There are 2 protein chains.
Amino acid sequence: MDDALKLQMLFQTLGDSNRLKIIGFIGEKECSVSEIVEATGMSQPLVSHHLRTLRESQVLETKRSGPFVYYRLKDQRLLSALGIFSEIADSIEDKEVNSTMFCSPQWWRMHWK
Amino acid sequence: MDDALKLQMLFQTLGDSNRLKIIGFIGEKECSVSEIVEATGMSQPLVSHHLRTLRESQVLETKRSGPFVYYRLKDQRLLSALGIFSEIADSIEDKEVNSTMFCSPQWWRMHWK
DNA sequence: CATTCATATAAATGTATATTTATATGTTAT
DNA sequence: ATAACATATAAATATACATTTATATGAATG
């Protein structure tokens, strides 16, 4: 797998609100699935699905301990990198299509041309 | 639009190989659409479509000059931020499902369970 | 060993989005 | 004004992906 593809897959993994929420909650900790379910308010299967994606893309790694499975960041550098991107993202202005909340630009075009 | 959503949308925008290719080619320069078409080998409408996405998500900004439209990065900090993420991405190992090139993890599960 | 709790998977569904092909808009020069 | 070129949009298609509901696995405990 070439490096550009790795980068693209990493961004794709991070490009989901629920997964970012999970990463943000875990932070430097080590969390069980149920803690994540509780903290995020997402359903357990949905959390499990996203955790699988995060594990397969090697953003998270796991450790089983009895009946619990603990997830933690595989590369702690990700946290500071997220901080940098947050700053860049903050400078994005809410104008036109972006202000539609929950609706993608394409949805907007589709329904209101 | 809240900050978490901005971050998610930025990552989503970056999570596409063709868009990363475009960003990488533009770099610190200012490029016309045809230059990008030529450099990337993508079709003109496809380039145009991705440029629109990149502009709407405020990664790129544009300037018209005669018949040409020039695109450049709106925030130069993005380049170094991409460098940081590249390093993180490089440490990702090519194992199991990731080695399938062009096929998503979900595709893999689907066809080979 | 059966029950309970934690987590994972499967199937079904709806929606988002990349790509192609075809066509339109906009600008310049003849 | 029309031809030629640069770019953008539209329609059509195919696929990827998030989410829900239902069920399975796997570990601990009575």
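Below, all heavy atoms of this structure are taken into account, side chains as well, without hydrogens, waters or symmetry copies. Per chain, numbering begins at 1; letters A, B, ... match sequence-line order. The structure presented is a predicted model; accordingly, all values stated were derived computationally and were not measured.
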Got a sec, which residues hit side chain to side chain contact (heavy atoms under 4.5 Å, CB included) with [X], two or more places apart in sequence or on another chain?
{"X": "E61(A)", "value": "R72(A), K74(A)"}
{"X": "Q76(B)", "value": "E28(B), L73(B), L79(B)"}
{"X": "D16(A)", "value": "N18(A), R19(A), H50(A)"}
{"X": "K6(A)", "value": "M1(A), D3(A), A89(B), I92(B), D94(B)"}

What I'd like to find out is whether the side chain of [X] reaches to under 4.5 Å of the side chain of [Y], using heavy atoms alone.
{"X": "Q12(B)", "Y": "Q12(A)", "answer": "no"}
{"X": "Q8(A)", "Y": "S17(B)", "answer": "yes"}
{"X": "C31(A)", "Y": "Y70(A)", "answer": "no"}
{"X": "S91(A)", "Y": "Q58(B)", "answer": "no"}

From OG1 (T13(B)) to CG (L20(B)), nearest 0.5 Å: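 Here the interatomic distance stands at 10.5 Å.
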
How long is the span from the CZ atom in R55(B) to the CG atom in L60(B), to the nearest 0.5 Å?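 With rounding to 0.5 Å, CZ (R55(B)) is 9.0 Å from CG (L60(B)).
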
Nearest to side-chain heavy atoms of D16(B), which nucleotide of dA16(C), dA6(C), dA18(C):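 Out of dA16(C), dA6(C), dA18(C), the nucleotide with an atom closest to D16(B)'s side chain is dA18(C).
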
If you only use heavy atoms from C-beta on, which nucleotide in dT7(C), dT9(D), dT17(C) is closest to the side chain of R55(B)?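 For R55(B), the side-chain atoms sit closest to dT9(D).
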
Return the value, rounded to whole Å, for the distance between atom [atom1] of [X] and atom [atom2] of [N].
{"X": "Q8(A)", "N": "dA16(D)", "atom1": "CD", "atom2": "P", "result": "12 Å"}
{"X": "H49(B)", "N": "dT20(C)", "atom1": "NE2", "atom2": "C1'", "result": "12 Å"}
{"X": "R52(B)", "N": "dT17(C)", "atom1": "CZ", "atom2": "P", "result": "13 Å"}
{"X": "Y71(A)", "N": "dT7(C)", "atom1": "OH", "atom2": "C1'", "result": "8 Å"}
{"X": "E56(A)", "N": "dC17(D)", "atom1": "CD", "atom2": "P", "result": "12 Å"}
{"X": "L14(B)", "N": "dA18(C)", "atom1": "CG", "atom2": "P", "result": "12 Å"}
{"X": "F68(B)", "N": "dA4(D)", "atom1": "CZ", "atom2": "P", "result": "17 Å"}
{"X": "L51(B)", "N": "dA6(D)", "atom1": "CG", "atom2": "P", "result": "16 Å"}

If you look only at pairs with a residue in residues 24-43 of chain A, which of them pass as a ring pair (Phe, Tyr, Trp, His ring centres under 6.0 Å), with sequence neighbours excluded?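 Pairs touching residues 24-43 of chain A that pass the test: none.
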
Can you list the residues that meet the ring-ring contact (aromatic ring centres under 6.0 Å, His included) rule with Y71(A), with sequence neighbours excluded?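 None.
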
Give me, pair by pair, the N or O atoms of the protein and of nucleotides 25-30 of chain D that are less than 3.5 Å apart, along with how far apart they are.
none

Interface with DNA chain D, restricted to residues 17-27 of chain A and to heavy atoms under 4.0 Å: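 Correct list: N18(A), R19(A).
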
Angle by which the axis turns from one end of the helix from dC1(C)-dG30(D) to dT30(C)-dA1(D) to the other, five pairs per end, to 10 degrees: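 Helix axis angle between the two ends: 10°.
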
Whether H50(A) contacts dT19(D) is assessed here as follows: a side-chain N or O lying under 4.0 Å from the phosphate OP1 or OP2. Is that the case?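 Looking at the OP1 and OP2 atoms of dT19(D), one of them is under 4.0 Å from a side-chain N or O of H50(A).
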
Run the side-chain donor-acceptor check on residues 38-47 of chain B: report pairs under 3.5 Å with partners two or more places apart or on a different chain.
residue, atom, partner, partner atom, Å
T40(B), OG1, I36(B), O, 2.8
T40(B), OG1, M42(B), N, 3.3
S43(B), OG, L46(B), N, 3.2

Is there a residue in residues 28-46 of chain A whose heavy atoms reach under 4.0 Å of DNA chain C, and which residues are they?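 The stretch gives S32(A), V33(A), S34(A), Q44(A), P45(A) as the residues lying under 4.0 Å from the strand, ordered by number.
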
For Y70(B), answer base if it contacts any base atom (sugar-phosphate contacts may also be present), sugar-phosphate if it contacts only those atoms, and nothing otherwise; contact means non-hydrogen atoms under 4.0 Å.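 Answer is nothing: Y70(B) stays at 4.0 Å or more from every strand.
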
Under the salt bridge (charged side-chain N to carboxylate O under 4.0 Å, His left out) test, which residues partner D90(B), sequence neighbours left out?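 In terms of salt bridge (charged side-chain N to carboxylate O under 4.0 Å, His left out), with neighbours along the sequence ignored, D90(B) is linked to no residue.
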
